[in-house]
There are 2 protein chains.
Amino acid sequence: MEYVHDIISALSKQGYRLTPQRLMVVSAIENSEDHISAEEIYSQVVVRYPNVNISTVYRTLELLKRLGLVTETDLGGGRVRYHPADKGHHHHLVCQECGAMIDLDESLLGPLQDALLREHNFIADLRHLAIHGRCVDCRR
Amino acid sequence: MEYVHDIISALSKQGYRLTPQRLMVVSAIENSEDHISAEEIYSQVVVRYPNVNISTVYRTLELLKRLGLVTETDLGGGRVRYHPADKGHHHHLVCQECGAMIDLDESLLGPLQDALLREHNFIADLRHLAIHGRCVDCRR
DNA sequence: TTGATAATTGCAAGTAGTTGCAGTTACAAT
DNA sequence: ATTGTAACTGCAACTACTTGCAATTATCAA
């Protein structure tokens, strides 16, 4: 409820226009309890601003991602979700059985990142990683 | 050039029909030097069998994936590629700059898999993982 | 305030893949 | 060889985006 203005002011500071469409997309992301989909954002915005186009929502999400203000997580099976970047926890474990999402501490991926750099000279971008598998409850 | 018949006989053995469309999709995957896209498979098949539908190609790929005969790799940016599963090397490093693909040894992911099991009771399915980042040549 | 103008939007068409359904067909059993 | 039938295919419509372009508009400077 605070960093709405952080995102807005970040946009403004970097010379991007504060259009009503953008403001509404940002507040939809902010006001969602957990992760929100593009379609959910659209249907919230369209109530107050009936002739928004879904492409504007996607373009705004693209911008916010590029500026590092919003994080996109691909949960697999066509489920893509968004959340404010400063809420932290960028990694997710996604259960293929029940869809449960477990937040993952970054430290677990540090050693992998190091190994890739050492053995392949590759700078891995692990910020938005979703690892699929089976959670405790769905193990046999 | 050998395992074409492995895939075909695996299908047959498990009670799946050997339709001309399936045979052609399999041979397209087999005869491609490196990884091949769904659209490339389709355009190869359509030459010899003009009224195949692209949905048949996708359904065949889905089946081959499910049976573990073919591996799908999502290179990001809408680029999805297929290759026979028994060619091994299931992990890939994908350069976000130049698109280069580096094959990754499974052993590097073992410690991560162990840590996820130990700390989150989560059985990670890392078979078809693509890690994005920057390769040697594109580092500044 | 008013204008100028480049950023942004809406629209319509396109891409990549999915799905329901009615018709076709590979394959087993006769 | 013929036939029954469930597996499979083609089709058309649909989902989840993406893109080019002409019209609109937030913002700045006068």
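Small disclaimer: the values here were computed from a predicted structure and weren't measured.
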*Asks:* Give the minimum heavy-atom separation between A/H92 and A/L104, together with the two atoms involved.
*Replies:* N-CB, 4.3 Å
*Asks:* Nearest whole angstrom, please: distance from the P of C/dA12 to the OH of A/Y58.
*Replies:* 18 Å
*Asks:* So which one's nearest nucleotide on DNA chain C is more toward 5', B/Y16 or B/R79?
*Replies:* B/R79
*Asks:* Taking only heavy atoms on the protein side, list every residue of residues 42-52 of chain A lying under 4.0 Å from any atom of DNA chain C, sorted numerically.
*Replies:* A/Y49, A/N51, A/V52
*Asks:* For residues B/L112 and A/L108, report the shortest heavy-atom separation together with the two atoms involved.
*Replies:* CD1-O, 3.8 Å
*Asks:* Tell me which of B/R17 and B/S55 sits closer to the 5' end of DNA chain C, going by the nucleotide each one is nearest to.
*Replies:* B/S55
*Asks:* Rounded to whole angstroms, how far apart are CG on B/L23 and P on C/dT25?
*Replies:* 15 Å
*Asks:* In the structure I gave you, are the side-chain heavy atoms of B/T60 and B/Q21 within less than 4.5 Å of one another anywhere?
*Replies:* no
*Asks:* Classify the nucleic acid contact of B/L18 as base, sugar-phosphate or nothing, counting any heavy atom under 4.0 Å across all strands shown.
*Replies:* sugar-phosphate
*Asks:* Check residues 46-53 of chain A and write down every donor-acceptor pair under 3.5 Å in which the side-chain atom is one partner and the other belongs to a residue at least two apart or another chain.
*Replies:*
from	atom 1	to	atom 2	distance (Å)
A/N53	OD1	A/S55	N	3.0
A/N53	OD1	A/S55	OG	2.9

*Asks:* Nearest whole Å is fine: how far is D/dT9 P from B/L61 CG?
*Replies:* 12 Å
*Asks:* How long is the line joining CD1 of A/I54 and P of C/dA13, in whole Å?
*Replies:* 18 Å
*Asks:* Please give, in whole Å, the distance from C/dT18 C1' to B/E62 CD?
*Replies:* 10 Å
*Asks:* Would you say D/dT25 has OP1 or OP2 under 4.0 Å from some side-chain N or O of A/T19?
*Replies:* no
*Asks:* Between P on C/dT18 and CG on B/N53, what's the gap in Å once rounded to a whole number?
*Replies:* 13 Å
*Asks:* What is the distance from CD of B/E39 to C1' of C/dG14, rounded to the nearest Å?
*Replies:* 13 Å
*Asks:* What is the nucleic acid contact for B/Q21, judged by heavy atoms within less than 4.0 Å: base, sugar-phosphate only, or nothing?
*Replies:* sugar-phosphate
*Asks:* Just the rounded figure in Å: distance from C1' of C/dT18 to NZ of B/K65.
*Replies:* 11 Å
*Asks:* Taking the side chain as everything from C-beta on, heavy atoms only, tell me whether A/I29 gets closer than 4.5 Å to A/L61.
*Replies:* yes
*Asks:* Salt bridge (charged side-chain N to carboxylate O under 4.0 Å, His left out) between A/E62 and A/R59: does it pass, once the steps are laid out?
*Replies:* CA-CA 5 Å; A/E62 181 59 37; A/R59 279 191 278 228; over 6 Å; no
*Asks:* Side chain of A/R59: nearest nucleotide among C/dC11, D/dT18, C/dT18?
*Replies:* C/dC11
*Asks:* So how far is it from A/F122 CZ to A/L116 CG, rounded to the nearest 0.5 Å?
*Replies:* 7.5 Å
